[in-house]
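Every heavy atom of this structure was used, including side-chain atoms; hydrogens, water molecules and symmetry mates were not. Here is the naming used below: chain letters follow the sequence lines, and residue numbers restart at 1 for every chain.
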There are 2 protein chains.
Amino acid sequence: MSQHDLKLGHPSCGDCPIRHRAVCARCEADELAHLDAIKYYRSFQAGQTVIWSGDRMDFVASVVSGIATLTQTMEDGRRQMVGLLLPSDFVGRPGRGHAAYDVTATTDLVMCCFRKKPFEEMMISTPHIGQRLLEMTLDELDAAREWMLLLGRKTAREKISSLLAILARRDASLKAGAGACSFDLPLTREEMADYLGLTLETVSRQISALKREGVIELEGKRHVKVADIDRLIEQTGDDSDGGMLG
Amino acid sequence: MSQHDLKLGHPSCGDCPIRHRAVCARCEADELAHLDAIKYYRSFQAGQTVIWSGDRMDFVASVVSGIATLTQTMEDGRRQMVGLLLPSDFVGRPGRGHAAYDVTATTDLVMCCFRKKPFEEMMISTPHIGQRLLEMTLDELDAAREWMLLLGRKTAREKISSLLAILARRDASLKAGAGACSFDLPLTREEMADYLGLTLETVSRQISALKREGVIELEGKRHVKVADIDRLIEQTGDDSDGGMLG
DNA sequence: CCTTCGGTTTGATCTGAGTCAAGGCGCGCG
DNA sequence: CGCGCGCCTTGACTCAGATCAAACCGAAGG
């Protein structure tokens with residue numbers, strides 16, 4: 001994603017929700033018309049639940065703007081975030097009738113939904129869509145595997161630093177700024193904890209520690225300034241050439 | 001996988017390495033001939049490395065027999081397994097030239113490899129293959145997300161129990177046995193630890209504890225007997241209706 | 001203005017799993 | 001047969017992060 005996605009948007013596509021070379025390079029009028037016939041938009045406020053795990057789900061969707069999370073919850077309430085959906089990311093699974101995870105809007109959110117049946121038919125008649133979906137799913141799988149390393153083997157400090165580095169890089173790629181950058185945290189401390197497999201107290205303490213040591217600066221509780229990205233990346237435990245996210 | 005895969009093999013396909021409805025239902029002679037032209041087999045002994053992360057990889061492959069693992073390693077040697085490849089699972093990624101993970105044979109292993117270039121061409125000319133690959137990748141993504149919950153939120157005991165339950169279920173599905181079952185562990189204690197985000201000592205201790213409490217029995221160090229699967233599943237922390245693996 | 005409230009910080013204490021270290025067990029090989 | 005070598009187990013101790021508890025901060029609302 002990130003840099004990649006930016007290149008993929010095709011000028012003539014406007015808000016075409018599946019924005020990428022394969023589809024966009026070919027999205028002639030008739031294809032777009034077909035898309036228009038089966039798609040609709042839904043908006044959510046920050047905090048709203050899009051769908052609960054186990055609910056019937058007769059659509060697939062892509063994020064137009066805002067951020068959503070996928071989480072799994074155990075009977076006793078332990079929660080683990082298993083996906084972070086950014087604009088242009090895809091949710092839902094062709095060939096499955098119910099949601100496998102809770103999907104929640106963490107910021108105001110707009111999604112572009114496609115009724116599942118016609119979408120599946122379209123996937124068959126328009127192979128590029130399936131190909132693009134495969135590409136995206138493989139990217140997600142890579143991200144999930146990077147995340148598994150984080151959950152299984154990294155220390156609390158490395159976990160937080162990794163998360164901040166991801167968010168910083170995401171933003172830096174937009175601003176193409178070098179060493180320094182700054183961004184808003186789109187997640188509460190508790191959501192970060194659910195992302196990282198920690199408690200919110202540990203998240204808070206580690207952020208305080210990074211601040212104390214001058215790796216980051218805070219402006220309010222949600223805005224982060226990073227003077228020297230490399231210094232932050234050193235803390236992540238990753239080998240220098242930032243692999244993350246295929 | 002498991003039950004699903006068994007149904008998918010098509011009688012006329014023999015050792016056709018991508019065994020499933022979509023391809024097999026259609027694998028007429030000419031398609032098979034085409035496949036034969038670009039595929040070749042490779043065998044590995046238990047413990048051998050198939051490919052190192054970062055190496056050039058000009059093939060994709062599917063596991064014919066045996067078990068392989070995908071692992072990620074940090075600079076200081078911490079290791080996390082991020083994938084467990086069972087027969088019929090797929091490795092490699094169309095459109096990427098180098099391996100992203102270490103792939104290791106944990107048992108004797110046979111893989112069926114396809115040169116990447118012609119495979120990619122075939123994916124375009126034969127949409128079913130891409131569709132099937134998408135299906136498999138989505139299954140893997142689900143498994144990865146289940147795994148993330150395990151890594152981030154489960155206790156050591158729940159982790160071990162979950163792993164044993166997966167292995168038991170995999171075997172039980174073959175034997176279609178009810179309450180009781182028994183199977184060989186395909187992994188060393190250290191590999192289990194890398195799977196679960198634990199140390200090998202903790203794995204050993206937890207297995208001993210499960211044995212002491214009569215949840216499992218051991219015959220030698222590698223063969224496990226489970227008298228009452230439900231008792232084991234209770235220990236996993238999952239909600240009763242065994243969700244795991246889509 | 002004060003109150004409430006969600007999100008956050010910080011402190012004190014506890015504990016599950018890691019670390020370090022010493023054997024044990026089974027197997028292949030000289 | 002006995003030696004060495006993987007692999008596994010067990011014990012003693014430590015410590016990172018969880019838990020429990022209190023207080024802070026800023027925004028919204030009366």
Side-chain angles (χ1 to χ4, degrees), chain A residues 45-48 69 74 76-80 104-107 150-164 184-213 216-224 235 237, chain B residues 45-48 74 76-80 104 106-107 150-164 184-213 216-224 235 237:
Chain A
Q45 293 181 324
Q48 265 192 297
T69 62
M74 294 171 69
D76 60 6
R78 281 176 279 174
R79 284 159 51 87
Q80 177 63 52
T104 313
T106 63
T107 64
L150 177 149
L151 290 171
R153 294 303 187 191
K154 287 190 177 179
T155 64
R157 154 170 292 234
E158 288 169 339
K159 287 178 174 182
I160 303 275
S161 304
S162 299
L163 175 55
L164 292 176
D184 282 318
L185 293 172
L187 304 173
T188 65
R189 301 289 185 264
E190 186 171 17
E191 286 163 340
M192 289 191 251
D194 285 342
Y195 186 113
L196 300 170
L198 296 172
T199 60
L200 67 99
E201 292 95 328
T202 299
V203 170
S204 180
R205 274 188 250 273
Q206 293 295 336
I207 289 181
S208 299
L210 288 174
K211 188 171 85 180
R212 203 178 316 123
E213 295 166 31
I216 61 171
E217 285 170 72
L218 283 187
E219 235 162 53
K221 300 187 183 289
R222 290 300 197 89
H223 192 83
V224 179
Q235 311 290 320
Chain B
Q45 293 182 325
Q48 265 192 297
M74 294 171 69
D76 61 6
R78 282 176 279 174
R79 284 159 51 88
Q80 177 63 52
T104 313
T106 63
T107 64
L150 178 150
L151 289 172
R153 295 303 188 191
K154 288 190 177 179
T155 64
R157 152 170 295 235
E158 289 168 339
K159 287 177 174 183
I160 302 275
S161 304
S162 299
L163 174 55
L164 292 176
D184 281 318
L185 293 172
L187 303 174
T188 66
R189 300 290 185 264
E190 185 171 18
E191 286 163 341
M192 289 191 250
D194 285 342
Y195 185 113
L196 300 169
L198 297 171
T199 59
L200 69 99
E201 292 95 329
T202 299
V203 170
S204 179
R205 274 189 251 274
Q206 293 296 335
I207 289 181
S208 298
L210 288 173
K211 189 171 84 180
R212 201 178 317 124
E213 295 166 30
I216 60 172
E217 285 170 71
L218 282 187
E219 236 162 52
K221 303 191 179 288
R222 289 300 197 90
H223 192 83
V224 179
Q235 312 289 320

Residues that [X] engages under salt bridge (Lys or Arg N to Asp or Glu O under 4.0 Å), provided they are two or more places apart:
| X | result |
| --- | --- |
| R189(A) | none |
| E191(B) | none |
| R153(B) | D194(A) |

How long is the straight-line distance from [atom2] of [Y] back to [atom1] of [X], given to the nearest 0.5 Å?
| X | Y | atom1 | atom2 | result |
| --- | --- | --- | --- | --- |
| R222(B) | D184(B) | CZ | CG | 8.5 Å |
| Q235(A) | I160(A) | CD | CD1 | 12.0 Å |
| K159(B) | M192(B) | NZ | CE | 14.5 Å |

Please confirm whether the backbone N or O of Y195(B) pairs with a side-chain atom of Q80(B), one donor and one acceptor, at under 3.5 Å?
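Judged by distance alone, yes, a pair lies under 3.5 Å.
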Report for the helix from dC1(C)-dG30(D) to dG30(C)-dC1(D): angle between first-end and last-end helix axes, five pairs each, rounded to 10 degrees.
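Answer for the end axes of this duplex: 20°.
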Please table the atom pairs, donor to acceptor, closer than 3.5 Å between any side-chain atom in residues 201-210 of chain A and protein atoms at least two apart or in another chain.
residue: T202(A); atom: OG1; partner: T199(A); partner atom: OG1; Å: 3.1
residue: S208(A); atom: OG; partner: S204(A); partner atom: O; Å: 3.0

Under a criterion of less than 4.0 angstrom to any heavy atom of chain A, what are the 5'-terminal and 3'-terminal contacting nucleotides of DNA chain D?
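Range of nucleotides within reach of chain A: dG17(D) to dC20(D).
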Is the shortest side-chain N/O distance from T199(B) to OP1 or OP2 of dG18(C) below 4.0 Å?
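So the side-chain polar atoms of T199(B) do come within 4.0 Å of the phosphate oxygens OP1 or OP2 of dG18(C), strictly under.
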Can you name the residues that form a side-chain contact (heavy atoms from CB on, under 4.5 Å) with E217(B), not counting sequence neighbours?
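Expected list: K225(B).
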E191(A) CD to dG6(C) C1', straight-line distance once rounded to whole Å
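In whole Å, dG6(C) C1' lies 13 Å from E191(A) CD.
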So which protein nitrogen or oxygen atoms get under 3.5 Å of nucleotides 8-10 of chain C's nitrogens or oxygens?
residue: dT8(C); atom: OP1; partner: R222(A); partner atom: NE; Å: 3.2
residue: dT8(C); atom: OP2; partner: R189(A); partner atom: N; Å: 2.8
residue: dT9(C); atom: OP1; partner: R189(A); partner atom: NH2; Å: 3.1
residue: dT9(C); atom: OP2; partner: R189(A); partner atom: NE; Å: 2.7
residue: dT9(C); atom: OP2; partner: S204(A); partner atom: OG; Å: 2.8
residue: dT9(C); atom: O5'; partner: S204(A); partner atom: OG; Å: 3.2
residue: dT10(C); atom: OP2; partner: S208(A); partner atom: OG; Å: 2.8

Under 4.0 angstrom, heavy atoms only, what part of the nucleic acid is G47(B) near: base, sugar-phosphate, or nothing?
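Nothing, no heavy atom under 4.0 Å.
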Identify, with sequence neighbours excluded, every residue that meets side-chain hydrogen bond (donor to acceptor under 3.5 Å, both in side chains) alongside E213(B).
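By the side-chain hydrogen bond (donor to acceptor under 3.5 Å, both in side chains) rule, E213(B) matches R157(B).
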